[in-house]
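Beneath this line is the structure, given in structure tokens, with notes to follow.
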Amino acid sequence: MIILMLPAAVFVSVVVAKAGIMGAAGILAIVVGLPVVYGIIAYPKFGIAALMVVSFLLSYLSSIFPSDQPTGVLLDAITYLLIFGFFVKKKYDDSWDYFKNPITYLVLTWLGYNFLEAVNPASPSILAWVYTVRTVGFIMLMYFVFLYQIQSIEYVRFLIKLWLFLCLLAAMSGFQQENIGLFGFEKAWYAADPLRLSFLFINGHLRKVAIFPDPVTFSYNMVVASAMCICFFMLDISKTKKIILGCLIPFYLLTMLYSGTRGAYVLLPGALALLAILKFNRKILFSVLTAGFMLVVVIFMPTSNATIKRFQSAFNPSADASFNVRAENQHKIKPYILSHPIGGGLGSVGIWGRRFAPNSMLAKFPPDSGYVRVAVEMGWIGLLLFCTLMFVILYTGINYYFLIKNPELKVYCLAMVLVLFIYNIGNYPQQAVVQYPSNILFYLAAALLNVTMRLDIAERKAKGDVRIA
């Protein structure tokens, strides 16, 4: 063994001595990367789990490395490998029944519209489209991967547990940043960009981002995790698991407050209202009314706590200066939207607009709202199509919820409906589904709506239910 390993040790030493950290990274890429690449392509269950883990942790780990390192390429690579694995598997499976549903048709239409934006004559730069379509267009392809590769209730359980565990890691990170203090590399990340620091430091309090790229993504995912835990109380699980869920909910919501994102504060009440409508019974109604009463108390109670004051201001938007500025910006951009039916092109606003067309009007426009961004970049036609997609996803999910017979699958479907509803509400005051991991989780939730319905139908067929065609 020593004789065999000695040449390898010499080779590694020489490479590291000559090429430094890049040489070491290259060796690791070969030794570790090749098996991982094979695993993602050949074992899509592993690949999907890897995509979720990396999408949650990459932004946090990237803050350790120099800012000019293209760490985002890792997520792109996993995405492309999963898509490649999907087509490899479809080579031996010519059935497309999995994809025959209303959500798929609208996703395909929306995807096609995104690619048509490449030839938008108003677009300032094709490069802006190229960079934007990576996180807006190609991520949509994950919906088809999820829909096809998730084929058992056991794997659905695993993904949901992984989802909640990753959210727990994020909540623990936010708690550490608020109550224990920032790590050295976290302080360096905040201080690296003065503009970012000015945005995150409000009224003497530093908004926390946990393991995410911004406080909005942090807060929205904490609300999503809380709503999922509330739904899972309806599962036939042990008392111990219900106690764990009961502890996770307030912890998620507490750390959500550390983000200072007012748009997130109204999301859970909205989700609970939908839950009360869909799951209409005495126990749910009593729980929602109790939660509503407690919310009213918190909103109107006098306090000197800055975090609670910021929470209270979310329910009085007319008195919020930032809300009024956003309303004014939307009023100013309205004539442009009406006069450009297909918009100014993907990437014409935000970071890519400032990079590739810094002198354009749209590059200087702060979109804030996800819906406003769609309207500006893709026009009122794009906004109408996007809203139709959101409506069809929610309508289909609600319809499936009432059709599914398996109690466990029914709860999973309900949880995904609430997740999608939360992202849709949150997409109005902020851009809810453009950052990792929210963009991946959104299409995972949409796919799980169809997966739960498909698994329920298969189960009923196996039991000899003659009413299933």
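Just so we're clear, the structure is a prediction, and the values are computed from it rather than from any experiment.
Distance CZ/Phe212 to OG/Ser438: 7.0 Å, rounded to 0.5 Å. Put simply, OH on Tyr401 and CG on Leu278 are 6.5 Å apart, with the number rounded to the nearest 0.5 Å. Note that CZ of Phe421 and CD1 of Ile398 are 8.0 Å apart. Values are rounded to the nearest 0.5 Å. Ile150 CD1 to Leu159 CG: the interatomic distance, rounded to the nearest 0.5 Å, is 5.0 Å. Taking CZ of Phe56 as the start and OG of Ser173 as the end, the distance is 12.5 Å to the nearest 0.5 Å. Between Ile244 atom CD1 and Ile249 atom CD1 the span is 12.5 Å, to the nearest 0.5 Å.
Thr217 contributes no side-chain N or O that, together with a main-chain N or O of Pro213, makes up a donor-acceptor pair within less than 3.5 Å. Checking side-chain atoms of Asp456 against main-chain N and O of Ile404 turns up no donor-acceptor pair under 3.5 Å. A donor-acceptor distance shorter than 3.5 angstrom exists from the side chain of Thr104 to the backbone of Phe99, with no hydrogens or angles considered. Not one N or O on the side chain of Asn399 forms a donor-acceptor pair closer than 3.5 Å with the backbone of Tyr395. Side-chain N or O atoms of Arg454 include one that pairs as donor or acceptor with a backbone N or O of Leu147 at under 3.5 Å. At distances below 3.5 Å, not a single donor-acceptor pair connects side-chain atoms of Gln430 with backbone N or O atoms of Ser369. Put simply, the side chain of Ser259 gets close to the backbone of Thr261: a donor and an acceptor are under 3.5 Å apart. Without hydrogens or angle criteria, Asn101 side chain to Asn450 main chain gives no donor-acceptor distance under 3.5 Å.
Looking only at side-chain heavy atoms (C-beta outward), Trp129 and Phe115 come within less than 4.5 Å of each other. Taking 4.5 Å as the limit, every side-chain heavy atom of Tyr252 sits out of range of all side-chain heavy atoms of Val223. Side-chain contact between Ile422 and Tyr220: absent, with no pair of heavy atoms (C-beta onward) separated by less than 4.5 Å. The side-chain heavy atoms of Thr79 and Leu141, taken from C-beta on, include no pair separated by under 4.5 Å. Between Ile237 and Leu245, the closest side-chain pair of non-hydrogen atoms falls below 4.5 Å. Using a 4.5 Å heavy-atom cutoff, the side chains of Val209 and Trp189 are in contact. The closest side-chain heavy-atom distance from Gln435 to Asn439 is not below 4.5 Å. A 4.5 Å side-chain heavy-atom check between Leu166 and Ile211 finds every atom pair outside the cut-off.
Just one of Glu178, Glu186, Gln177, Gln176 meets the side-chain hydrogen bond (donor to acceptor under 3.5 Å, both in side chains) condition when paired with Lys208; it is Glu178. Tested against Val419, the residues Val224, Asn221, Leu414, Leu449 include a single side chain to side chain contact (heavy atoms under 4.5 Å, CB included) partner, Val224.
Cation-pi check for Lys45 over Tyr155 is met; the charged atom lies under 6.0 angstrom from the ring centroid and within 45 degrees of its normal. Judged by the 6.0 Å and 45° rule, Arg207 forms a cation-pi pair with Phe199. Remark: Lys242 is not positioned above the aromatic ring of Phe233, lacking an NZ or CZ atom under 6.0 angstrom from the ring centre and at most 45 degrees off the axis.
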For this session: Dump the intermediate steps for side chain to side chain contact (heavy atoms under 4.5 Å, CB included) on Lys405 and Lys410, then the final yes or no.
Result: CA-CA 7 Å; Lys405 303 302 180 183; Lys410 197 179 189 72; over 6 Å; no
For this session: Quick one: do Leu106 and Phe391 satisfy side chain to side chain contact (heavy atoms under 4.5 Å, CB included)? Show the steps, please.
Result: CA-CA 10 Å; Leu106 263 295; Phe391 171 79; over 6 Å; no
Exercise. Could you walk me through whether Ile381 and Tyr113 pass the side chain to side chain contact (heavy atoms under 4.5 Å, CB included) check?
Worked result: CA-CA 10 Å; Ile381 294 178; Tyr113 189 79; 3.9 Å; yes
For this session: In sequence, state the C-alpha distance, the side-chain angles, and the governing distance for Ser238 and Thr240, and then conclude on side-chain hydrogen bond (donor to acceptor under 3.5 Å, both in side chains).
Result: CA-CA 5 Å; Ser238 66; Thr240 302; 4.6 Å; no
Problem set entry | Steps toward side chain to side chain contact (heavy atoms under 4.5 Å, CB included) verdict (Leu418, Met228) | CA-CA 8 Å; Leu418 294 189; Met228 290 170 65; over 6 Å; no
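Remark: Asn179 CG is packed, more than 12 non-hydrogen atoms of other residues, nucleotides or ligands lying under 6.0 Å away. Shown here is Tyr190, whose OH atom has more than 12 heavy atoms of other residues, nucleotides or ligands within 6.0 Å. Under a cut-off of 6.0 angstrom, the local environment of CZ in Phe84 is sparse, with at most 12 non-hydrogen atoms contributed by other residues, nucleotides or ligands. Within 6.0 Å of NZ on Lys241 lie no more than 12 heavy atoms contributed by other residues, nucleotides or ligands. Residue-environment remark: CZ (Phe87) stays at or below the threshold of 12 foreign heavy atoms within 6.0 Å. Counting heavy atoms of neighbouring residues, nucleotides and ligands inside a 6.0 Å radius, atom OH of Tyr38 does not exceed 12 of them.
The two residues Thr109 and Leu385 have their closest heavy-atom pair at CG2-CD1, 3.8 Å. The nearest pair of heavy atoms linking Tyr400 to Pro102 is OH-CD, 4.4 Å. Nearest heavy atom pair, residue Ile425 against residue Gly270, reads CD1-CA, 4.4 Å. Taking all atoms of both residues into account, the shortest heavy-atom contact from Ala210 to Gly174 is CB-N, 3.7 Å. Minimum interatomic distance between Asn406 and Leu409 (heavy atoms only, all atoms of both residues): OD1-N, 3.0 Å. For the pair Ser55 and Pro437, the tightest heavy-atom approach, listed with the atom from each and the gap, is OG-CB, 3.3 Å.
Ring pair Phe386/Tyr371: centre-to-centre distance below 6.0 Å. Checked against the 6.0 Å centroid criterion, the rings of Tyr98 and Tyr148 qualify as a close aromatic pair. In summary, the aromatic rings of Tyr60 and Phe185 are positioned with their centroids under 6.0 Å apart.
Using modelled atom types and a 3.5 Å distance limit, the side chains of Glu117 and Asn120 yield a donor-acceptor pair.
Residues Arg157 and Glu408 are paired through a salt bridge, judged by an N-O separation under 4.0 Å between the basic side chain and the carboxylate.
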